[in-house]
Every structure is written in C-alpha cells, then in structure tokens.
Amino acid sequence: MRILVVEDDDVLRDGLAVGLHLEGITVDAVAGCEDANAATATAQYAVIVLDIALPDGSGIDLLREWRRSGLTTPVLLLTARNLVDDRIAGLDAGADDYLGKPFDLSELAARVRALGRRVTGNPDTVLTLGPVELDRSRRSVRLNGEPVPLSRREFAVLCVLAEHPGHILSRSRIEDHIYGWQEEVGSNAIEVHIHNLRAKLGRDAIETVRGEGYRMAWA
C-alpha cells in the first residue's frame, strides 16, 4: 500500500514515514498544500493522511478542493484540533476518518489499512485465493494452511495482485503501488519478486501475460 502523508512538522513527518514503513506501508511525505497537490496530480494513493494546520493553507480547504475536483482517495485527518466541532467539520468537508494528536502509531497504521481495504472493495482482512490465504492486517501468508515467510516487498506485490483478482497488472502499475517516489527501483525488481513468490507459492500461482503484466492464477 502506498500512501501520502501531508504534515508540516519535520520530526513527526519523518517519524511517520519510518514508522509506517515498518508496518509495511510505503509513504510519500510532503509538508504543505502545494506539494500535496503536486503529489496527487502525479501519483495514485491508497490513502492520504492530512494535517489541518499547514504552513501554506488549511488542510480542510485543501480537502474540500480535492473533493470538488473529483478526488475520491480516502483521507484521514491527523490533527491536534480534536474537539467535537473540529471532527464534525473535518468529516463534513469530506474526510473518511479523523485521529487526534497525540496518537498511537499502531492505531494510525490500523486505520490506514482499514481505509485501504475499503478502496479495494473487499473490507475483509483475509483474502483467500485457491490454496493461498493472505492476512493483510497481520501481514502473513499461508499456503495449504502452512505459513510462508515473505519479504516486505514480496508481501506487497502479492497483496496488489490478490486485491485485483482476475485482472492483469502491468509492471509499472505494481511499482506504483509498492514504491515511493524517493526509492530507487531496479529495472527487474518486480520480476525478481514474482520469481521469489512463485518459488514459495508454486510456479503456477502467478501468471505472466506476455506484453501486459501479471495476474493471480486463482480468482
């Protein structure tokens, strides 16, 4: 899952990027409205975590602007303004969730994952495709009931494919889901992850559609 964090506090922004990365979430992080608009214009995010008090404008106004322009990405407001009236204003402006500061990082990660599941159209934390059972909350995979150890990237690739059963996903689309803009991506990185997944789940688990991309064999 790739998300955008809009937070002007340098320490908190960097801490969120590192902490959510450890939770298996890829983070692009910016400090203000202008950079947030540039980010949403060039990338698709599963979720946006948005502060309200930003140096170049109001997060609430930015959110209203996004909704008027047709942006449907789930938005979680993360702010010190945590009175009931503040929460109502944020939700009425188009937010999907609201978390006040201070907060627990694990709770934030869980809320982000829940919003991300909603976007895929399958809110269940566990996806079952053939003999593979994928638990998105626990970041665990079982094959015929037996645990299968996967790297963070392997799990991310498998999630993207499993969340789009029956669909062919191009290499670039998979990359967009699992890599942030500041990460270097090897020319054959996705191919390596697919190779490793086939070695662990079975050579027929993921199909290659020549010239188009990849899809899960079980839909």
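The pair Arg64-Asp61 counts as a salt bridge, with a side-chain nitrogen and a carboxylate oxygen less than 4.0 angstrom apart. A salt bridge does not link Glu163 with Arg117: every distance from a Lys NZ or Arg NE/NH1/NH2 to an Asp or Glu carboxylate oxygen is 4.0 Å or more. Classification of Arg142 and Glu146 as a salt-bridged pair fails, no side-chain N sitting under 4.0 Å from a carboxylate O. Using a 4.0 Å cut-off between charged nitrogen and carboxylate oxygen, Glu7 and Lys101 count as a salt-bridge pair.
To the nearest 0.5 Å, atom CD1 of residue Ile190 and atom OH of residue Tyr179 are 5.0 Å apart. The CG atom of Leu12 sits 5.0 Å away from atom CZ of Phe103, with the distance rounded to the nearest 0.5 Å. Leu20 contributes atom CG, which lies 5.5 Å from atom CG of Leu105 (distance to the nearest 0.5 angstrom). Distance check: Ile194 CD1 to Ile174 CD1 gives 5.0 Å after rounding to the nearest 0.5 Å. Separation of atoms CG (Asn188) and NE2 (His195) is listed at 11.0 Å; rounding is to 0.5 Å. Separation of atoms OH (Tyr214) and NE2 (His193) is listed at 11.0 Å; rounding is to 0.5 Å.
A single hydrophobic cluster is not seen to contain both Leu63 and Ile3; linkage of ILVMFWY side chains at heavy-atom distances under 4.5 Å, directly or through other members, places them apart. In the hydrophobic cluster analysis, where Ile, Leu, Val, Met, Phe, Trp and Tyr join through side-chain heavy atoms closer than 4.5 angstrom, Leu71 is grouped apart from Val47. Transitive grouping of hydrophobic side chains (ILVMFWY, heavy atoms separated by less than 4.5 Å) brings Leu158 and Val160 into a common cluster.
Under the 4.5 Å side-chain criterion, counting only non-hydrogen atoms from C-beta, Ile52 is in contact with Tyr98. Looking only at side-chain heavy atoms (C-beta outward), Val49 and Leu4 stay at 4.5 Å or farther from each other. Proximity of Leu197 to Val157: side-chain heavy atoms (C-beta onward) are separated by under 4.5 Å at one or more points. Annotation: side chain of Asp51 is not in contact with side chain of Val6 (no heavy-atom distance under 4.5 Å). Proximity of Leu16 to Leu108: side-chain heavy atoms (C-beta onward) are separated by under 4.5 Å at one or more points. Looking only at side-chain heavy atoms (C-beta outward), Val75 and Ile48 come within less than 4.5 Å of each other. Val141 is listed as a side-chain neighbour of Val132, based on a closest heavy-atom distance under 4.5 Å. Using a 4.5 Å heavy-atom cutoff, the side chains of Asp96 and Leu76 are not in contact.
Here the closest heavy-atom approach between residue Gly180 and residue Asp28 is recorded as CA-OD1, 3.2 Å. Scanning both residues, Ile178 and Arg153, for their nearest heavy atoms gives O-NH1, 2.6 Å. Closest heavy-atom contact between Gly116 and Met1: CA-CE, 3.9 Å. In terms of heavy atoms, Pro149 sits closest to Lys200 at O-NZ, 3.1 Å. The shortest non-hydrogen separation linking Glu133 to Thr128 is CG-OG1, 4.2 Å. Minimum interatomic distance between Leu62 and Ala36 (heavy atoms only, all atoms of both residues): CD2-CB, 4.0 Å.
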Item to check | Verdict with reasoning, Val84 to Asp86, per side chain to side chain contact (heavy atoms under 4.5 Å, CB included) | outcome: CA-CA 5 Å; Val84 172; Asp86 294 321; over 6 Å; no
Item to check | Full working for side-chain hydrogen bond (donor to acceptor under 3.5 Å, both in side chains) between Arg215 and His164 | outcome: CA-CA 8 Å; Arg215 67 182 169 199; His164 299 83; over 6 Å; no
Item to check | side chain to side chain contact (heavy atoms under 4.5 Å, CB included) between Leu78 and Leu50, worked out | outcome: CA-CA 6 Å; Leu78 184 66; Leu50 177 64; over 6 Å; no
Next on the checklist: Please evaluate residues Arg13 and Asp10 with respect to the criterion salt bridge (charged side-chain N to carboxylate O under 4.0 Å, His left out), reporting the C-alpha separation (whole Å), side-chain torsions for both, the decisive distance (0.1 Å), and the verdict.
Outcome noted: CA-CA 5 Å; Arg13 186 174 65 252; Asp10 294 343; 2.8 Å; yes
Checklist entry - What do the steps show when you test Leu201 against Ile206 for side chain to side chain contact (heavy atoms under 4.5 Å, CB included), and what is the final call? => result CA-CA 9 Å; Leu201 301 176; Ile206 299 172; 5.6 Å; no
Next on the checklist: Would Phe155 and Leu134 count as a side chain to side chain contact (heavy atoms under 4.5 Å, CB included) here? Give the steps.
Outcome noted: CA-CA 9 Å; Phe155 184 83; Leu134 186 153; 4.0 Å; yes
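Checked by atom type and distance alone, the side chain of Ser58 never pairs as donor or acceptor with a backbone atom of Leu54 at under 3.5 Å. With Asp56 contributing its side chain and Cys33 its backbone, the two residues share a donor-acceptor pair below 3.5 Å. A donor-acceptor contact shorter than 3.5 Å is absent between the side chain of Thr208 and the backbone of Arg210. Checked by atom type and distance alone, the side chain of Arg2 pairs as donor or acceptor with a backbone atom of Asp176 at under 3.5 Å.
For CD of Gln44, the number of neighbouring non-hydrogen atoms (other residues, nucleotides, ligands) closer than 6.0 Å is 12 at most. The local environment of CD in Glu212 is crowded, with over 12 non-hydrogen atoms from other residues, nucleotides or ligands closer than 6.0 Å.
With Asp97 as the fixed residue, the salt bridge (Lys or Arg N to Asp or Glu O under 4.0 Å) test singles out one of Arg118, Arg113, Arg111, Arg87: Arg111.
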